[in-house]
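Contents: one structure, followed by commentary.
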Amino acid sequence: MTDSPSDAATDYAPSRVIADPDLRYEVIGTRPVRHDGVDKVVGRAVYGNDVRLPGLLHGAVLRSPHAHARIVSIDASAAEALPGVKAVATSADLPDLTDCWTNLGEVAINLAHLGANCLARRKALYRGHAVAAVAATSAHVAREALSAIRVEYEVLPAVTDVLEAMEDDAPLLHDDVFTDSMGSSSEHPSNVSRHLVFEQGDPERAFAECDLVIDRDFRTASVHQGYIELPVATAQWSADGRLTVWASTQGSFTTRQQIAGVLRIPISDVRVIPCEIGGGFGGKITLYLEPVAAILSRKTGRPVKIQMTRAGVFQGTGPTPGSVVRVGLGVKDGRLHAGRAWLAYDAGAFPGGMIGAGCACVFSCYDIPNARVVGYDVCANKPKTQAYRAPGATQAAFATETVIDELAAALGVDPIDFRLDNAAVEGTTRVDGTVYPRIGFVETLRAARRHEHYTAPLDGPSAGRGVAAGFWFNIGLKSSANVHCNPDGTVMLVIGSTDIGGSRTSIAMQLAETLGISAESVHPQVTDTDSVGYTDVTGGSRVTFATGLAAHEAGLDLIAQMRDRAAFIWGCETHDVTFDAGVFGGPDGRSLTFAGLAAELPGSGGLLTARATVDAVGPTNGFGVHIADVDVDRETGKVSVTRYTTVQDAGKAIHPSYVEGQMQGGAVQGIGWALNEEYVFDERGHMENPTMLDYRMPTALDVPMIDTVIVEVPNPMHPFGVRGVGETPIVPPPAAIANAVHAATGLRLRVLPMSPPRVHEALVQAGADEDAGGR
Amino acid sequence: MKIHVRATVNGEPAEFLCEARESLLEVVRETLGLTGAKEGCNNGNCGACTVLLDGVPVDACLVLGAEAEGADVTTVEGIAEAGRLHPIQQSLLEHAGLQCAICTPGIVVTAKALLDRNPDPTEREIRFELAGNICRCTGYDKIVRSVQDAARKLAAERIEETSA
Amino acid sequence: MRDFRYAAPTSLADATSILLGGGEVRILAGGTDLLPRMRDGSVVADTVLDVKRVPGMLDIVRVDGGLRLGAAVPFHRIRDDPRIVRAYPALTDAARIVGGWQIQARASAGGNLCNASPAADTTPALIVERASCRIVGPEGERLVPAAGFCTAPGRTVLESGELLTSLELPAPEERAGSRYVRFIPRNEMDIAVAGAAAWVRLDEDGKTVADARVALAAVAPTAVEAPDAAVSLIGGPATEAAFAAAGEIAREAARPITDMRGPADYRRHLAGVLVKRTLAGAADRAAGGSREPILFGNRDR
Amino acid sequence: MATLYLPPQMRDLTGGDEAIEVPAGTLREVVARVDRRFPGFAARVISEGGVMPGLAFSIDHSITSLGLHARVSEESVVHIVPGVAGG
């Protein structure tokens, strides 16, 4: 591994790429303009709300004003009588499903819960829970009609705090949810839907053997994915029974599957057309609007579009779990020897938070031979939580990485050195039993250690620097690709992965590399569920890895077919035809470029189409290390991030600019999580800040430039060495910033967000303690 | 009763009817079919609907359609001239200053207005004037670099024009 | 929101008659507060009266060495007007930090006053600049000091049929300077958790405070003056210690509430910190320091 | 023989043993054999003829997407882990 200079093709160099110098690619590693770029900078790209259909009706959703209430009755007659109102829908219009699971690839979900989340059945479980919906001739009319729907509620006590929800006497959300402990079920219904235990070695004995043990408690608030595009769905239920849905989704096929499941209709009757998607981060995998728009369309015979309001997004869609985490680590002879962790994550209104990932991630960066991890998934009267970029990992890493920093300080060891001494490597066993394949954590740590930022002087007495590491699993799953060869030597690439951040191009570049043609010679397009093979969600950092693999395999298929054709043209055997770097070679020195052979195809039997469908294995893991400088205004408690560097193992960066973009974007989301983002609930369980004014996501003025270092430890399970990139970068920031705040102030903050009043209070408290100590 | 409004939209005279409650955002998107401006919050907190009103960036969701009477409105669709991308559009492409790109139309419009007013903005000035445009994907780094690069391109164009 | 009548009169008389014409009439200047509140249902209107076409509403004119600022002049013109930057820098400071550029392109100081939010950024600035509010109504015209315009959250001195037409800024004084600072968790696009404006005039020695004014935002039902804090400085040296002491006194003028944007104790504490900082900034300007606003609210001190 | 590792919460079935040696075969066969030795096991990991929702089998340290069709070889190590979703 050597440091190589940045890509000379660009005139700026935010990232240094540390790569294996022996790997040479023509297309991979370059920075072409993305194929869908022009449409997106001129405002022509069609997002979900840009869909126009003749006779289109507009929907609006009525949401529960109570955090927990029995729905006694719904009277929509007055609303239905209003001019312009065409239909009203409630849960009575959806099939009443009892427990009925569907496997979405990454996760199985309970369709009964999904349906009841789309439209509340019997009970409203959180403030903002959808209760009814209206379709009308305009969005204004639809919204006005909501106030004419009479809903009688019997208000029930609510619980939003995860620890309170675990109490025996807490308000119970579901009478049919029991605590599952790896297949065995509790006797009585409970808000605790899942209890997990992982263990390796002998933690009890090991802790007794340690020279130094630190146990700490942490809390994090619920935070939202914060995508800028409002969720929107348009449905047209045709008289022949075919349902077409224009969706803003991370996965058109899983959307199709969920729609069919919730509506109890054949999957083949549903066609999902994915529009351009304005951000998801895990929050646009689950359905909210699609079945509702569908039943309104069925009732009216017209297409119906529903777009959420921003308040509806905050109050009705998935934040990521708030958490309570306790982490203890023990050191013996300078090495991590024992670990214990207790995690409770709120799942929101229905079971299924991110506790499994939280438990498996909490110690995942380190080789800790003896560890015990206990986790709880807890229902509470909040919106059902959904995945948010490395779901479950950030909460856990905030705790562990802070304790690691404290241990390093107590031992007088540099915090990166301490991490290097204890880093997980190939062969390390994670607490869930998994043994790591080739991973790049050590290389990533070393690159951070070498980075100029790490040793740069700090500016002023209120400045501090912190580091933290992060881990994410990454997933593989199923992807498909079709490739049509054009006579001009270009190819059309048809895929099903919705493109949230430039993945059309990163996939097209892999096909281009395979075919020996330029990135611009590949024309990628994302198509609907009728037009391409099954493809799982754009999530889990899987698309460049798995859909890239599908494109590569489709490319290999095309080359095989073209070698057959060259053999036909040249009158030789296929095995006599070679293919190397975009050139087909035959006997007697004959050769044709890819374009040359493509031009021959129409007259030699016709143009060719290739395809591949893969169930990708071996996504391997992503590791990142972040360095944060902060400045703490001691008088106000405000923490400013003044410099930030992200270092990450990308396996192989296909399009470095978009890899950097993932690292930068994830880091800034993590900075928001660390400093200011939070759901603020009042005592009734109502979110007090459901606007983008008061739910404070970082603005351009709140963050510095985000430096990036891409480390490349190729993934042996991918033809180009790709590892997932997208999620890991959100994991380290809260801990890196907390560690930096400690460096600046001597204070350990263990509650997120580290908002100004909270930091100020801690400073005041520390001052008071100091005074008391002095006396 | 609908209101009859005459305005200039993207350099062309435009007439439309709107309800008093309809925002300029609804008018450009629904009535005029210019769907480049996006709705992200509908209360002026995200900037995705930014358009120029008499040359100044505004949140189109906070302007009534009726207020556009006699005004000059420029949407993202009017930034490129005769099929030629504006340098800020070109720079965003070259510097990967967009990911999901739902905020991009607003960024393009605000950045264009910034460069019109201040041809050589500092990083701070760029961040300050773009703070009303929330981007959740990029972390802003590549957007800021794109604006800086567009400023360089515009400066080079000016030199070319002067020497020509 | 339900539909309404939109009226954009081109004379004061027409505006007055619409205001008196019955039904719920809401005045639209920049719309940045009105439209979100109408959308969320907290404000209902039969008529929306767009005052921007009323003559003078968008004008900035010199009057007797001072300045008349049309009530609907948007912040982006205030922040960029060299006459205001030079003579009333606290107002420029405030105008630059309301929302982002898009909000500043629409929102106005008059609207900020009429909206009567305790957290309005320009109101404390207008108070320390000793601005007067020109109000025109069926009974004629009257002038009300900016400090007396807001009476409670969302309430003002405006009577039925009255309209705020302009803000009258007095002629600037020699060796005087002003400053507004606020505290927000982000650096832009936020509502003041607390804010403080100060105006300071120095003696000819350039070191002694000849006169001072202090006003606070977001720590009481309306923007309030902290006269005790200001008086404590007069005749004394313009030093950090004096400003800090004035900040301590200003805390007493704060009667903050606890809400989602900040706990009361924290707001009271901030009032002191911000008064100290804003006085230092005002004194610096009085002594000839830069009047250019400082871009980052964050490190302002 | 392949080795199946039980998570702590399933070790009540084996009287505390963490690892079980089982002959190779499909995962379905492995589960059936374990269930014969430790009755109740299958009910904890199988539901409606497939892997229990929320659980996943990791074979040789890679989560399998083949469900009960997955092949377990003589040298395989099998873990039972909670399902994990990405964003």
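Chain identifiers are assigned alphabetically (A, B, ...) following the order of the sequence lines, protein sequences preceding nucleic acid strands; residue numbering begins at 1 within each chain.
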Checking heavy atoms, do the side chain of [X], its backbone, both or neither come under 4.5 Å from chain D?
X	result
Arg194(A)	side chain
Glu199(A)	both
Phe473(A)	side chain
Asp432(A)	both
Ser184(A)	both

Among [options], which residue forms the greatest number of heavy-atom pairs with chain D at distances under 4.5 Å?
options	result
Pro619(A), Ala393(A), Gly433(A)	Gly433(A)
Thr429(A), Thr102(A), Leu196(A), Val617(A)	Leu196(A)
Asp180(A), Val197(A), Thr434(A)	Val197(A)
Gln225(A), Lys478(A), His195(A)	His195(A)
Pro437(A), Pro391(A), Ala387(A), Pro351(A)	Pro391(A)
Gly183(A), Ala360(A), Gly392(A)	Gly183(A)

Exercise: do His224(A) and Thr317(A) side chains pair donor with acceptor under 3.5 Å: yes
Between Thr320(A) and Arg389(A): side-chain donor-acceptor atoms closer than 3.5 Å: no
Among Met52(D), Met10(D), His79(D), Arg44(D), residue most engaged with chain A (heavy-atom pairs, under 4.5 Å): Arg44(D)
Top contributor to chain A interface from Ser62(D), Ser58(D), Gly54(D) [non-hydrogen pairs under 4.5 Å]: Gly54(D)
Over all atoms of both residues, closest heavy-atom pair of Ser480(A) and Ala550(A): C-CB, 4.0 Å
Tyr345(A) versus Gln395(A), closest heavy-atom pair with distance: OH-CB, 3.4 Å
Side chain to side chain contact (heavy atoms under 4.5 Å, CB included) assessment of Ile80(D) paired with Phe41(D): CA-CA 12 Å; Ile80(D) 302 167; Phe41(D) 174 72; 3.9 Å; yes
Aromatic ring pairing Tyr388(A)/Phe281(A), orientation class (parallel under 30°, perpendicular over 60°, tilted between): perpendicular
Worked verdict on Phe57(D) versus Val31(D) for side chain to side chain contact (heavy atoms under 4.5 Å, CB included): CA-CA 11 Å; Phe57(D) 280 88; Val31(D) 169; 4.2 Å; yes
Audit row: Asp377(A), Val192(A), side chain to side chain contact (heavy atoms under 4.5 Å, CB included) steps and yes/no: CA-CA 6 Å; Asp377(A) 181 61; Val192(A) 179; over 6 Å; no
Arg542(A) CZ to Ser479(A) OG distance, which is reported to the nearest 0.5 Å: 3.5 Å
